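Let me begin by presenting the structure, written as structure tokens, before commenting on it.
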2 protein chains.
Amino acid sequence: MNLKELSLRIGLSQTTVSRALNGYPEVNEATRRRVLEAAKQYNYSPNTRAKSLATGQALAIGHVIPMSTKHEMVNPVFGDFIAGAGETYSRNGFDMVLSIVPDRDEESVYREFKAKGNVDGLIVHGPRMNDSRIDLLNEIGLPFVVHGRASGQTLPYSWLDVNNTSAFKRATEFLLDLGHRNIALINGLETMDFAYRRRKGFERAMAERGVATNPSFMRSDEMTEVYGYQTAQEMLRSENAPTAFLVASLISALGIRRAIQDAGLVMGRDVSVVTHDDMLSYLSNGDSVPVFTAARSSVRDAGALCAQMLIDIINSPNENPKSRLLEAELTVGASTGPAPNRG
Amino acid sequence: MNLKELSLRIGLSQTTVSRALNGYPEVNEATRRRVLEAAKQYNYSPNTRAKSLATGQALAIGHVIPMSTKHEMVNPVFGDFIAGAGETYSRNGFDMVLSIVPDRDEESVYREFKAKGNVDGLIVHGPRMNDSRIDLLNEIGLPFVVHGRASGQTLPYSWLDVNNTSAFKRATEFLLDLGHRNIALINGLETMDFAYRRRKGFERAMAERGVATNPSFMRSDEMTEVYGYQTAQEMLRSENAPTAFLVASLISALGIRRAIQDAGLVMGRDVSVVTHDDMLSYLSNGDSVPVFTAARSSVRDAGALCAQMLIDIINSPNENPKSRLLEAELTVGASTGPAPNRG
DNA sequence: GCCATCATTCAAAGCGCTTTGGTTCCGATT
DNA sequence: AATCGGAACCAAAGCGCTTTGAATGATGGC
């Protein structure tokens with residue numbers, strides 16, 4: 001069923017039917033009702049391709065998922081982010097189109113998105129430091145919102161981010177308050193902007209209290225369970241092992257807990273752990289009582305907010321870039337306790 | 001840059017340019033080269049919307065992600081599946097469009113996909129038993145491939161699935177061979193077809209060896225870490241605790257391992273664990289030595305294969321439904337050992 | 001009763017592409 | 001020389017929608 005057929009059956013012109021359906025004022029209310037009725041009856045939905053060809057709007061938003069060619073890892077955060085964004089899109093009549101792209105091809109994909117005209121804007125995932133994509137998108141002229149930020153970027157752009165620096169600063173302070181001085185930082189890949197900021201927060205808190213950081217207890221890698229396990233195991237075996245771990249991901253924190261238990265130690269008594277928690281739906285941090293003391297911030301909510309920002313930008317272009325900084329919430333769980341007295 | 005402009009600059013008609021770009025034979029090779037050259041020079045990519053309006057092909061494939069309204073959980077498997085599928089799509093010039101849909105709205109979404117014409121086909125995720133979506137899609141006439149199967153479905157349809165029954169049967173036999181008799185099954189939600197099949201495999205192996213199953217040691221729920229932890233904890237505390245756990249997900253297995261350790265037991269010695277492993281990129285099961293004995297099957301590969309199947313179906317319709325059954329591979333890790341002798 | 005006004009409706013152009021049904025040109029056939 | 005056929009190209013229609021510009025009645029003021 002297309003517009004032509006529908007209008008034929010109703011006995012009206014395509015123009016009027018189209019206007020009735022799209023809520024234009026110059027159509028009689030009685031007529032509009034008739035049209036809406038018929039549309040429902042015949043199960044009519046306008047063809048998106050035709051519609052967007054006519055309007056110049058794609059009614060779709062792109063997500064480019066960079067796929068590192070080296071470490072073939074899909075960001076585990078991604079599913080939840082998409083879920084949050086997707087709901088917002090549906091509510092606003094947008095489709096979501098996904099591109100999985102080997103990171104070296106990224107530039108051409110963005111250009112193609114513009115040329116092919118199949119999205120009205122896009123969300124930039126996983127910003128790196130001095131991320132070149134931001135300049136590129138500005139040059140291309142495609143509206144976008146960055147999930148995260150790109151340190152070193154001078155031109156203004158729209159973004160939504162968790163305040164990683166303050167979250168990790170506060171988490172560090174929490175450990176320092178408990179008496180911990182020998183704190184390990186198990187960070188994400190520091191090519192990623194968020195990881196850089198988290199380290200900054202950690203270092204700032206340590207510096208402010210005059211506590212030295214130990215470079216051999218600061219690691220940076222992809223945040224798997226095994227990474228957490230191996231790193232923690234190694235550190236716990238070392239001379240002068242850390243009494244506390246500050247971790248960038250709940251998944252790695254699981255590995256750290258395992259290493260602690262393997263070493264015959266008790267988490268929360270012998271060794272403390274504070275982690276960042278993206279509140280992934282399949283990885284809840286305990287039920288009523290949180291297992292880990294954590295800086296929490298819902299990635300899913302972030303997805304919904306990013307989507308809304310982008311839609312606003314698309315609907316009213318020429319405005320200045322917007323940004324939004326979310327604060328993570330520190331929730332105290334069973335994984336932290338006072339620093340043990342070392343003989 | 002659009003076709004009109006491009007052909008004007010080259011000094012050819014739109015027809016010829018279009019044909020040159022699309023590889024039609026009735027164009028002089030020298031001309032074709034000239035056209036391709038110019039296209040590259042001006043960075044021309046045809047507008048997808050126009051192209052698909054003209055051809056009737058959407059050049060896109062839909063993924064409907066059902067979002068349970070009760071348990072707001074995003075299937076953790078999803079990211080990896082998408083990654084696999086996405087690569088195949090790009091290679092074939094297809095876009096991937098995602099819809100996050102509250103499960104009660106699913107039917108209307110499928111109908112809309114057809115009416116709006118923005119996809120050429122779709123992948124059905126998370127099939128349930130007697131899943132009504134299959135009949136619906138057949139009725140609507142939209143090509144589709146199911147990732148998994150729907151027991152109770154009589155009409156033929158295309159699917160790709162892991163042989164869950166045989167995987168769990170074999171895993172159970174492995175435990176039985178080790179002398180275990182008291183085996184717990186920590187299953188996924190049994191409204192899901194895969195979970196039903198896994199239980200069947202478990203029960204069948206037990207029955208064949210004449211070992212009774214214990215209903216209070218067979219659980220079914222969403223596969224979170226906490227679910228594994230709590231369930232295992234409870235079972236381990238009970239009279240006559242199981243000596244082995246058969247688990248449907250590596251994530252829940254992590255929780256089970258935690259419960260085992262909390263109980264002061266050693267996994268692989270006091271209690272054995274075999275898990276299904278979807279080989280998610282961020283949850284690798286150990287590095288060289290697998291941590292868990294596991295039935296492994298890459299969800300990412302499944303995504304790539306599903307995508308290819310669907311593209312084949314789209315390209316040559318009217319053929320009979322195709323299907324593909326993958327066998328999971330049983331890899332022995334450190335989490336299993338002979339059944340302990342109980343005093 | 002007449003013309004301006006307004007509320008409704010419509011025909012047709014246009015979005016950027018593919019594709020049908022030519023047309024043109026040139027060498028080969030008779 | 002007239003005709004044919006094939007290679008190479010082109011004009012224009014059509015995909016299903018929106019939107020411009022115009023038409024049609026009905027209404028109301030004078």
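So that the names make sense, note that chain A is the first sequence line, chain B the second, and so on, each numbered from 1. Since this is a predicted model, take the numbers as computed values, not measurements.
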Legend entry - Residues A:Arg128 and A:Glu106 bridged, charged N to O under 4.0 Å: yes
Inset, instruction - May I ask you to say whether A:Asp161 pairs ionically with A:Arg149, meaning some side-chain N is under 4.0 Å from a carboxylate O? - result: yes
Legend entry - Residues B:Arg91, B:Glu87: salt bridge by 4.0 Å N-O rule: no
Legend entry - Of B:Thr15 and B:Leu53, the one whose closest DNA chain C nucleotide lies more 5': B:Leu53
Inset, instruction - Let me know, please, whether B:Thr16 or B:Ala54 comes out on the 5' side of the other along DNA chain D by nearest nucleotide. - result: B:Thr16
Inset, instruction - Determine, using ring centers only, whether B:Tyr89 and B:His63 are less than 6.0 Å apart. - result: yes
Inset, instruction - Would you mind reading off the bend of the helix from C:dG1-D:dC30 to C:dT30-D:dA1 from its two end axes, five pairs each, to 10 degrees? - result: 70°
Legend entry - Face-on cation placement of B:Arg133 at B:Tyr110 ring, 6.0 Å and 45° thresholds: no
Legend entry - Sugar-phosphate, base or nothing in reach of A:Arg49, heavy atoms under 4.0 Å: nothing
Legend entry - Euclidean distance, atom CZ of residue B:Arg19 to atom P of D:dA11 [Å, nearest integer]: 13 Å
Inset, instruction - Using a heavy-atom cut-off of under 4.0 Å over every strand shown, decide if A:Thr55 touches base, sugar-phosphate, or nothing. - result: sugar-phosphate
Inset, instruction - Give me the first and last nucleotide of DNA chain C, going 5' to 3', that has any atom under 4.0 Å from a heavy atom of chain B. - result: C:dG16 to C:dG21
Inset, instruction - Decide whether A:Thr55 and A:Ser52 meet the rule of one side-chain donor and one side-chain acceptor closer than 3.5 Å. - result: no
Inset, instruction - May I ask you to say whether B:Glu139 pairs ionically with B:Arg111, meaning some side-chain N is under 4.0 Å from a carboxylate O? - result: yes
Inset, instruction - Return the residues of residues 23-40 of chain B meeting this criterion: a heavy atom under 4.0 Å from some atom of DNA chain C. Order them by number, or give none. - result: B:Tyr24
Legend entry - Donor-acceptor pair, side chain of B:Asp120 and main chain of B:Leu59, under 3.5 angstrom: yes
Inset, instruction - Would you check if there is a donor-acceptor pair between the side chains of A:Asn2 and A:Asn47 at a distance under 3.5 Å? - result: no
Inset, instruction - Please determine if A:Arg33 and A:Glu37 form a salt bridge, counting it only when a charged side-chain N lies under 4.0 Å from a carboxylate O. - result: no
Inset, instruction - Decide if the gap between the ring center of B:Phe81 and the ring center of B:His125 is smaller than 6.0 angstrom. - result: yes
Legend entry - Distance-only donor-acceptor test (3.5 Å): side chain A:Ser18, base D:dT19: no
